[in-house]
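Worksheet: the structure to be examined is printed underneath.
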2 protein chains.
Amino acid sequence: MVRAGLTPERLTRAGAELADEVGFDRVTVSELARRFDVKVASLYSHLRNSEDLRTRIALLALEELADRAADALAGRAGKDALTALANVYRDYAREHPGRYAAAQFRLSPEAAAGSAGVRHAQMTRALLRGYDLTEPDQTHAVRLLGSVFHGYVSLEMGGGFSHSAPDTQETWSRILDALDALLRNWPPTTP
Amino acid sequence: MVRAGLTPERLTRAGAELADEVGFDRVTVSELARRFDVKVASLYSHLRNSEDLRTRIALLALEELADRAADALAGRAGKDALTALANVYRDYAREHPGRYAAAQFRLSPEAAAGSAGVRHAQMTRALLRGYDLTEPDQTHAVRLLGSVFHGYVSLEMGGGFSHSAPDTQETWSRILDALDALLRNWPPTTP
DNA sequence: GCATTCACCTAAGACCTATAGGCAAATGCC
DNA sequence: GGCATTTGCCTATAGGTCTTAGGTGAATGC
């Protein structure tokens with residue numbers, strides 16, 4: 001009996017590749033087994049179930065994304081950092097659409113707590129040190145940036161901007177200009 | 001033989017309700033048949049397949065959302081209109097999470113062309129008439145607003161903001177303040 | 001050299017999607 | 001009113017996915 005050498009890690013990586021090829025929602029335990037030339041049931045010694053697989057892929061994607069973000073932010077500040085971080089998300093989604101979708105997977109509270117999600121928030125907060133925001137506006141700004149990055153990327157990937165001029169690269173640059181201007185000139189709370 | 005009175009429209013509405021109850025990705029032809037107390041195969045006279053069902057639910061959600069938006073924008077301008085439109089998306093997502101998820105369903109190009117998606121872009125453009133933006137900045141702003149609304153709502157629904165203070169209502173208000181300020185003071189293109 | 005563990009297997013049950021073909025009630029026509 | 005057609009739902013069937021239970025052979029441990 002030749003062993004396939006299955007481990008949770010190898011299965012997760014292969015699952016992530018599968019997600020990029022066919023889409024995260026089409027990742028299936030059966031297809032994964034097929035790719036390892038192994039019977040489906042064999043995977044259940046390494047994975048609890050198919051949600052477990054999805055969760056692992058999501059955690060992998062969050063880690064990869066956080067690593068890239070940390071890299072991109074190193075040595076940068078202000079608008080330079082803003083652009084770098086924004087491009088990390090956009091580029092990752094383009095290179096790895098399945099993984100990016102996985103990163104949006106709704107994790108159980110326990111899984112979420114142990115995920116790289118926390119690092120993402122911390123890095124956005126670090127980025128904002130280049131601007132003059134104090135709490136609670138800093139938190140609001142963290143959430144705004146997260147919303148714009150995620151919203152833009154998912155609309156662009158979903159084809160939401162596809163049929164209209166001008167091109168999306170132009171819009172992306174102008175949105176980053178606008179966010180930078182907004183952060184430098186954050187409006188005071190209205191009474 | 002008592003007839004159940006199946007039609008594509010009734011099935012679509014029931015499918016939308018099902019989506020709100022169990023989640024759009026758990027909408028299944030089988031469950032729908034069960035709810036009508038009918039055999040699964042019977043649905044296939046009214047629906048081409050399960051993707052057809054999903055598409056119909058998505059189109060329904062887009063229509064409902066556009067209707068609400070049109071209603072909310074009537075007679076409003078400026079920040080008042082901005083807030084109203086933003087709240088339409090957020091409230092709809094809270095009241096009808098499954099339908100909201102459906103509205104994000106990737107439609108085929110033909111389906112997308114015939115959808116209410118176009119109305120949404122038009123309404124956002126109409127809203128911007130209250131601000132002083134000319135093309136191409138108006139298009140960039142349309143896309144920015146779409147990104148923020150969609151991004152914020154999906155992060156909030158996905159629990160992305162759940163564990164941290166301050167509360168999300170506060171953030172939502174401040175983000176609308178910020179967007180209003182940004183639109184009134186849109187930065188010029190950097191040379 | 002035997003017991004244990006590990007890695008993968010077969011078998012089987014429960015669902016879901018989809019197609020083909022059939023029967024009965026409703027409808028349309030004379 | 002009687003007949004043909006259409007409509008609406010049915011049974012049967014085939015194939016795919018998920019998951020658990022229990023088994024076997026090869027590697028490892030004593």
Side-chain angles (χ1 to χ4, degrees), chain A residues 1-60 98-99 101-102 105-108 110-111, chain B residues 1-60 98-99 101-102 105-108 110-111:
Chain A
M1 186 193 299
V2 186
R3 304 205 165 177
L6 305 179
T7 66
E9 290 68 30
R10 284 192 66 194
L11 290 170
T12 304
R13 275 198 302 276
E17 282 161 31
L18 179 57
D20 286 334
E21 290 171 34
V22 305
F24 182 61
D25 49 341
R26 285 201 171 81
V27 168
T28 163
V29 181
S30 302
E31 178 59 29
L32 207 52
R34 231 169 274 130
R35 299 208 166 191
F36 279 92
D37 203 27
V38 134
K39 299 296 171 183
V40 186
S42 307
L43 300 195
Y44 282 81
S45 318
H46 308 278
L47 304 170
R48 258 202 315 285
N49 51 38
S50 92
E51 182 176 335
D52 182 37
L53 171 61
R54 274 178 246 279
T55 298
R56 286 171 188 271
I57 297 174
L59 293 175
L60 173 67
R99 285 162 150 97
F105 182 63
R106 175 122 195 193
L107 296 171
S108 68
E110 317 86 72
Chain B
M1 186 192 298
V2 186
R3 303 203 166 179
L6 306 179
T7 66
E9 290 68 32
R10 285 192 65 195
L11 289 170
T12 305
R13 276 198 302 276
E17 282 161 31
L18 178 57
D20 285 335
E21 290 171 34
V22 305
F24 182 62
D25 50 339
R26 285 202 173 82
V27 169
T28 162
V29 181
S30 302
E31 178 59 31
L32 207 51
R34 229 169 275 131
R35 300 209 165 190
F36 280 92
D37 203 28
V38 135
K39 299 296 172 182
V40 187
S42 307
L43 300 195
Y44 283 82
S45 319
H46 307 279
L47 304 170
R48 257 202 314 286
N49 49 40
S50 88
E51 183 177 334
D52 182 36
L53 171 61
R54 274 179 247 280
T55 298
R56 286 170 187 272
I57 298 174
L59 293 175
L60 173 68
R99 284 161 150 97
F105 182 62
R106 174 120 195 195
L107 296 170
S108 68
E110 316 86 72

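Convention: sequence-line order gives letters A, B, ...; per-chain numbering from 1. The shown structure was predicted, so the numbers you read here are calculated from the model rather than taken from an experiment.
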For the pair made of [atom1] in [X] and [atom2] in [N], what is the distance, rounded to whole Å?
X       : N      : atom1 : atom2 : result
A:Asp52 : D:dT17 : CG    : C1'   : 17 Å
A:Arg26 : C:dT17 : CZ    : C1'   : 13 Å
A:Leu32 : C:dC8  : CG    : P     : 13 Å
B:Glu51 : C:dA18 : CD    : C1'   : 14 Å
A:Leu47 : D:dT20 : CG    : C1'   : 15 Å
B:Lys39 : C:dG21 : NZ    : C1'   : 17 Å
A:Leu43 : C:dT10 : CG    : C1'   : 15 Å
A:Leu6  : C:dT5  : CG    : P     : 21 Å

Exercise. Which is true for B:Ser30 with a 4.0 Å heavy-atom rule: it touches a base, it touches only sugar-phosphate, or it touches nothing?
Worked result: base
Between [X] and [N], is there a side-chain N or O to OP1/OP2 distance below 4.0 Å?
X       : N      : answer
A:Ser45 : C:dC8  : no
B:Thr28 : C:dC15 : no
B:Arg34 : C:dC16 : yes
A:His46 : C:dC8  : yes

For this session: Check the pair A:Ser30 / A:Arg34 against side-chain hydrogen bond (donor to acceptor under 3.5 Å, both in side chains), numbers first and verdict last.
Result: CA-CA 6 Å; A:Ser30 302; A:Arg34 231 169 274 130; 4.6 Å; no
Using the side-chain heavy atoms of [X], tell me which of these nucleotides is nearest: [options].
X       : options                : value
A:Val40 : C:dT10, D:dT19, C:dT19 : D:dT19
A:Val38 : C:dC8, D:dT19, D:dC10  : C:dC8
B:Tyr44 : D:dC9, C:dT17, D:dT19  : C:dT17

Exercise. Do the side chains of B:Glu51 and B:Thr55 get nearer than 4.5 Å, heavy atoms only?
Worked result: yes
Exercise. Any side-chain heavy atom of A:Leu6 within less than 4.5 Å of one from A:Leu43?
Worked result: yes
Exercise. Does B:Glu31 come within less than 4.0 Å of B:Arg35, counting only side-chain N to carboxylate O?
Worked result: yes
Problem set entry | Partner residues of B:Thr12 under the side chain to side chain contact (heavy atoms under 4.5 Å, CB included) criterion, sequence neighbours left out | B:Arg56, B:Ile57, B:Leu60
For this session: For A:Ala41 and for A:Glu31, find the nucleotide of DNA chain D with the closest heavy atom, then tell me which residue's nucleotide is more 5'.
Result: A:Glu31
